[in-house]
Amino acid sequence: MTEKLLGSFKKPFDVAIIGASGGLGEALVNKLLTQETVSHVFRCSRYMPKTALIRSSWVELDIENEETVIAAAKNIQQKTKNLNLIVLATGLLHTKDKVQPEKTWKNLEIENLIKILQVNTVGPALVAKHFLNLLPKGRKTLFAALSARVGSIEDNKLGGWYSYRCAKAALNMLIKTISIELSRKNPDAIAITLHPGTVDTNLSKPFQNGVPIQTLFTPEYSAIKLLGVINTVTTADTGRLFAWDGSRIPF
Ligand SMILES: NC(=O)c1ccc[n+]([C@@H]2O[C@H](COP(=O)([O-])OP(=O)(O)OC[C@H]3O[C@@H](n4cnc5c(N)ncnc54)[C@H](OP(=O)(O)O)[C@@H]3O)[C@@H](O)[C@H]2O)c1
């Protein structure tokens, strides 16, 4: 039998996953579609997925292009008044050619810094700007952005990865600040950031050497854990950064 994961939400309800084409985004979509309480999943991504899935539809969205974010939000708003969960699963750590996490400040490059901030911070800000008012009032609703433990300033013991750390720290502040305004405008709505663990996806592939196998999660395992955290948190937790196991990570 399929484990029930989202019992704290008023059922049935719809979900939007932004970055549905990524390792974690895809795993979240698949897991959500096993839940009877979820009526529809909007799979938001830049490119059309190769496979169609039941109870879901594709919505074009490039987080680097505000016009597409606006169009995606309008499109979803026309289709549902019941969007109780939005998960932002986009992110960038490296590209095949140019962008690599910096080992030293000597590697800092304007173009790479801007690119990493654009995808990890500016894009999520645009999504929040146009999607937050889609969350209905009077019931538990939640906006979660996938962040990373390395964005915690207090937790930074190793250094390196300058632009990614900065971008995720800024993302944490963005969501914290949003959570304050959101609780005034929509008191039952929650906004949090989440650390998924080290997960076997394209993002982590080049950096998996030395990661003990038991701490390298499959996307499916991480998705189940993240949905567990999403289910457990309440309005008292809004604005916070949580790890996959529900523990709170300091900023
Ligand atoms: N994997 C880990 O170990 C790990 C650890 C800590 C935190 N995280 C965080 O978890 C999140 C998901 O990462 P992942 O591991 O699933 O990485 P991934 O497989 O590389 O997926 C990244 C996603 O971001 C999307 N994206 C990038 N630029 C975009 C844009 N301009 N517009 C729309 N979508 C865009 C990608 O879309 P395309 O398919 O179109 O490129 C893809 O869907 C990220 O925020 C990451 O920082 C991951």
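Only heavy atoms go into these numbers, but all of them, side chains included; no hydrogens, no water, no symmetry mates. Note that ligands are numbered from 1 as they come in the structure, with each ligand's atoms numbered from 1 the same way.
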inquiry  = Taking K115 first and then E64, would you say they form a salt bridge - that is, a charged N and a carboxylate O separated by under 4.0 Å?
reply    = yes
Ligand 1-proximal atoms of R149, by part, heavy-atom distance under 4.0 Å = neither
request  = Could you tell me if any non-hydrogen atom of Y164 lies under 4.0 Å from any atom of ligand 1?
outcome  = yes
request  = Tell me which part of L203 gets within contact of ligand 1: side chain, backbone, both or neither, using heavy atoms under 4.0 Å.
outcome  = both
task = Please say whether more than 12 non-hydrogen atoms of neighbouring residues, nucleotides or ligands are located less than 6.0 Å from CG in L108.
result = yes
ask   = Does a sphere of radius 6.0 Å around NZ in K205 hold more than 12 heavy atoms from other residues, nucleotides or ligands, not counting ones at 6.0 Å or beyond?
value = yes
query = Under 4.0 angstrom from ligand 1, any heavy atom of K168?
reply = yes
ask   = Atoms of ligand 1 less than 4.0 Å from A148 heavy atoms?
value = 6 (C), 7 (C)
query = Hey, which atoms in ligand 1 end up nearer than 4.0 Å to a heavy atom of S147?
reply = 6 (C), 7 (C), 8 (N), 9 (C)
query = Considering residues, nucleotides and ligands other than Q208, do more than 12 of their heavy atoms fall under 6.0 Å from its CD?
reply = yes
note = atom 41 (O) of ligand 1 sits nearest the protein heavy atom R46 NH2, 2.6 Å
inquiry  = For a quick check under 3.5 Å, do T68 and D62 share a side-chain donor-acceptor pair by atom type?
reply    = no
task = Just go through E64, E26, R43 and tell me whose heavy atom is the nearest to atom 31 (N) of ligand 1.
result = E64
task = Report, as yes or no, whether the 6.0 Å neighbourhood of atom CG on D97 holds more than 12 heavy atoms from other residues, nucleotides or ligands.
result = yes
inquiry  = Can a side-chain donor-acceptor contact be found between N75 and K79 if the only test is distance below 3.5 angstrom?
reply    = yes
query = Looking only at protein heavy atoms, which one is nearest to atom 1 (N) of ligand 1, and how far off is it?
reply = T201 OG1, 3.1 Å
message = What verdict does the side-chain contact (heavy atoms from CB on, under 4.5 Å) test give for H40 and S57, after you've listed the backbone C-alpha separation in whole Å, the side-chain angles of each residue and the deciding distance to 0.1 Å?
response = CA-CA 8 Å; H40 194 87; S57 51; 2.8 Å; yes
ask   = If hydrogens are left out, which of G23, A20, G197 has an atom nearest to atom 18 (P) of ligand 1, that is, the closest non-hydrogen atom?
value = G23
Ligand-residue contact atoms, ligand 1 with P196, heavy atoms, under 4.0 Å = 4 (C), 5 (C), 6 (C), 7 (C), 8 (N), 10 (O), 48 (C)
inquiry  = Students should be able to answer this: which protein heavy-atom is nearest to atom 44 (C) of ligand 1, and at what distance?
reply    = T90 O, 3.3 Å
task = Please determine, by modelled atom types, if T218 and D200 share a side-chain donor-acceptor pair under 3.5 angstrom.
result = no
query = Between K129 and E66, does at least one N-O distance fall below 4.0 Å, as a salt bridge requires?
reply = yes
inquiry  = Closer than 4.0 Å to some heavy atom of Y47 - which atoms of ligand 1 meet that?
reply    = 40 (O)
inquiry  = Does any part of the side chain of S56, heavy atoms only, come nearer than 4.5 Å to the side chain of L33, both counted from C-beta?
reply    = yes
inquiry  = Check contact between A89 and ligand 1, using heavy atoms of the residue and a distance below 4.0 angstrom.
reply    = yes
ask   = Within a radius of less than 6.0 Å around NZ of K81, do more than 12 heavy atoms belonging to other residues, nucleotides or ligands occur?
value = yes
ask   = What's the shortest distance from atom 21 (O) of ligand 1 to any protein heavy atom, and which residue and atom give it?
value = G22 CA, 3.3 Å
remark   = Logged contact type for L24 with ligand 1, heavy-atom cut-off 4.0 Å, is both
inquiry  = Would N120 count as being in polar contact with ligand 1, using the rule that some N or O on each side must be under 3.5 angstrom apart?
reply    = no
inquiry  = Can you tell me if L61 contacts ligand 1 (heavy atom of the residue under 4.0 Å from the ligand)?
reply    = yes
query = Taking atom types as modelled, is there a side-chain donor on K140 or N84 under 3.5 Å from an acceptor on the other?
reply = no
key: Any N or O of V119 closer than 3.5 Å to N or O of ligand 1   = no
task = Pull out every atom of ligand 1 sitting under 4.0 Å from any heavy atom of G19, numbered as shown with elements.
result = 43 (O)
message = Pairs of nitrogen or oxygen atoms closer than 3.5 Å, one from G25 and one from ligand 1: do any exist?
response = no
query = Are any of the N/O atoms in S21 less than 3.5 Å from those in ligand 1?
reply = yes
query = Is there a donor-acceptor contact under 3.5 Å linking the side chains of N82 and T80?
reply = no
request  = Might you confirm whether atom NZ of K106 has over 12 heavy atoms from other residues, nucleotides or ligands at distances under 6.0 Å?
outcome  = no
ask   = Going by the order shown, which atoms of ligand 1 are within less than 4.0 Å of some heavy atom of T198?
value = 3 (O)
ask   = Side chain, backbone, both or neither: which part of L92 comes within less than 4.0 Å of ligand 1 when only heavy atoms are counted?
value = neither
note = In this structure, atom 30 (C) of ligand 1 is nearest to the protein heavy atom I63 CG1, 3.4 Å
